Amino acid sequence: MVRYLRLVLVQLRISAAAGMAYRADFIIEGVMAVAWMALTLLPLLVLYDQRSAVAGWDRSSALVVIAYFLGVRAVLEGVVSPSLVDLVERIRSGAFDYVLLKPVDAQALISASRFEPWKIFDLLGALALVIYAFHARGGPPSATGLAVGALLFVNGVLAMYAVWILCAAAAFWVVRLDNLTYLLGAIFDVARWPIHVFRGLWRMVFTFVIPVAVMTTFPAMALLDDLDARTAIATLAGTAALLVVSRLVWRTAIRSYTSASS
Amino acid sequence: MIRARELVKHFRVHKRPPGFASALRSLVRRRYETVKAVDGVTFSIERGERVGFLGPNGAGKTTTLKVLAGLLHPTSGEVEVDGFVPFRRQTELLERITLVMGQKSQLIWDLPPSETYALNRAVFDVPDAQFRQTLDELTELLELAPLLDKPTRQLSLGERMKCELAAALLHRPTTLFLDEPTIGLDVAMQLAIRDFVRSYNQRHEATVLLTSHYMDDVVALCPRIIVIDHGVLIHDGDLKGLVKTMDPDKRVSFTIVDPIAGDALAKLGTVLARDGHRLTLRVPERELPGVVGHLLGPLHVADLAIEDPPLEEILRVMFGKAREGEANGAAAVDATPPPGKRAEADRAEEEAGT
């Protein structure tokens with residue numbers, strides 16, 4: 001465990017150093033991070049300018065969902081996505097050989113192989129948004145809400161990670177996966193809206209198939225003291241199942257690795 | 001200790017003829033073909049041995065190395081490295097082996113090699129003191145000092161290869177799989193890498209299995225040679241034995257001082273090359289004393305040299321024979337020599353009368 005922790009810290013330092021290797025890029029990335037956060041809020045502000053509630057969610061509650069969206073997206077774009085894009089590239093070029101030659105778990109090694117350090121600002125922005133939303137509601141969240149909300153945030157990140165691993169594992173068979181990662185990114189964008197905005201089939205899809213509700217709506221509801229225990233437990237169990245499935249698929253996928261030509 | 005017994009690795013590859021129509025057809029109905037990359041290879045290598053692994057492109061060398069390093073699962077057969085089954089990827093084995101691929105890089109492109117070394121140190125959990133000592137040793141042997149803090153993207157190919165070797169050896173592996181480690185390097189750099197590999201082998205009693213397109217690498221480094229073609233082992237033994245079996249005739253080169261009649265030369269041996277006044281003859285070993293005596297005596301030649309046939313030539317003949325066997329019904333994999341080598345190979349086949 002200590003070995004893996006040390007490894008993550010070294011990778012974090014190296015990614016930060018790599019990010020700073022190109023000075024102009026580093027500055028532009030920083031400015032972009034702030035701009036993207038502002039743009040994320042824009043549709044919500046426009047929507048609530050005309051009405052006080054959408055599908056039972058008032059403005060401040062919807063802001064909590066957006067905050068979770070920003071938080072999960074920060075982890076997605078800061079760690080998961082760069083690492084898995086890196087994985088797809090390594091599989092295509094055959095450089096994944098060097099991952100398999102290392103005496104550590106390949107999934108663990110590749111999952112933290114790249115970081116985008118600027119995304120920490122998105123995470124801080126998400127936190128600021130939660131504080132603002134509760135300030136607008138007139139009081140802080142309850143201790144239980146805070147604890148379950150924090151737990152479900154981690155759970156949401158893990159669910160999203162499992163979906164991405166499933167997607168990345170496909171790269172061992174189909175090699176070119178760029179479009180699938182873009183598609184998943186676009187689908188994840190749905191998570192900025194509370195799940196109740198969707199009806200019928202879409203709500204089922206976004207709850208059970210691509211569980212974006214698990215990533216943002218349910219954690220937000222927990223923080224707002226609006227989530228029943230049964231849904232909370234089902235959310236945790238669903239993510240655990242997803243993680244197990246993703247691990248099994250990953251292990252099967254690695255067996256299919258044929259390594260690109262010398 | 002490395003053992004491979006009846007090692008087989010087959011790949012299923014998608015095949016389609018060129019053209020747009022066949023591309024469209026392949027969307028609906030795909031044709032697959034089984035490529036026998038390695039087809040029943042058996043050998044064993046003792047600790048501390050340096051073995052050259054030779055064969056034409058597509059012979060199955062790299063696939064064998066990848067199976068031995070645990071990157072690929074064998075289709076059938078048994079493989080063992082230091083008592084471990086490689087594809088199980090046990091930590092104890094991965095800490096003892098390394099694979100260097102001349103055409104692939106593990107160095108982080110935008111950062112100096114020292115950052116990759118720091119990462120590998122964490123990955124292999126190398127204690128601080130051992131890491132310092134090993135890095136100092138590698139820095140001295142490979143003359144890395146001026147390179148360690150330069151971004152990888154600014155290093156020359158040769159400099160990068162030296163840094164790659166260091167990255168692969170920081171955990172002090174005792175089994176080295178080297179796949180074309182000198183590819184694209186100039187002669188001086190090839191010599192440096194060769195010296196380094198020999199020195200590492202001697203210092204750490206490391207087992208070395210080397211593939212290289214440069215025969216000089218193999219001749220200089222490896223007392224034992226394994227030759228593989230079309231996934232099948234066709235020779236396993238020392239270099240001299242290979243040369244003796246395949247072509248016991250010697251090459252006699254000399255410079256003509258006085259003109260020599262063509263029929264006088266034909267009596268001495270087969271003329272293999274003629275470059276101005278410089279000639280190379282092929283002479284059976286038992287006739288050598290007589291021929292040399294005649295050349296130095298009545299014919300007054302200068303700069304006489306006697307050599308074994310070049311390894312490249314021997315291998316070309318070997319692979320040419322293997323191709324002949326293939327034409328008689330053996331399994332098919334692409335063993336076409338690279339374009340630059342094709343003319344030479346054709347010439348060799350003509351010489352060999354194939």
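A, B, ... follow the sequence lines: proteins, then strands. Residue 1 opens every chain. Note that the coordinates shown come from a computational prediction; the quantities given were computed from them, not determined experimentally.
The environment of A/R203 atom CZ is dense: over 12 non-hydrogen atoms of other residues, nucleotides or ligands sit within 6.0 angstrom. Annotation: A/F121, atom CZ; neighbour count of heavy atoms from other residues, nucleotides and ligands within 6.0 Å does not exceed 12.
Inspection of non-hydrogen atoms places B/A122, B/V123, B/F124, B/D125 of residues 121-132 of chain B under 4.5 Å from chain A.
To the nearest 0.5 angstrom, A/L127 atom CG is 12.5 Å from A/D122 atom CG.
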Determine, stepwise, if the pair A/K119 / A/E116 fulfils salt bridge (charged side-chain N to carboxylate O under 4.0 Å, His left out). CA-CA 6 Å; A/K119 295 297 171 190; A/E116 294 281 346; over 6 Å; no
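Looking at A/R90, there are no atoms closer than 4.5 Å to chain B (heavy atoms on both sides), in backbone or side chain. Heavy atoms closer than 4.5 Å to chain A are found in the side chain of B/I108, but not in its backbone. With a 4.5 angstrom heavy-atom cutoff, B/S105 touches chain A only via backbone atoms.
Ring-plane geometry between A/F206 and A/W202 is classed as parallel, the angle between the planes falling under 30 degrees on a 0 to 90 degree scale with a further cut at 60.
Counting only distance, with no hydrogens or angles, the side chain of B/K162 and the backbone of B/L142 share a donor-acceptor pair below 3.5 Å. Looking at B/R12, its side chain never comes within 3.5 Å of a backbone N or O of B/T34 through a donor-acceptor pair. For A/S15 (side chain) and A/R114 (main-chain N/O), no donor-acceptor pair under 3.5 Å exists by modelled atom type. For the pair B/E164 (side chain) and B/Q106 (backbone), a donor-acceptor distance under 3.5 Å is present.
Ranked by non-hydrogen atom pairs under 4.5 Å with chain B, the options A/L109, A/V99, A/V104, A/V10 are led by A/V10. Residue with the most contacts toward chain A among B/K61, B/R89, B/E95: B/R89 (heavy-atom pairs, distance under 4.5 Å). Per-residue heavy-atom pair counts under 4.5 Å with chain B were compared for A/Q11, A/K102, A/R13, A/R6, and the maximum is reached by A/K102.
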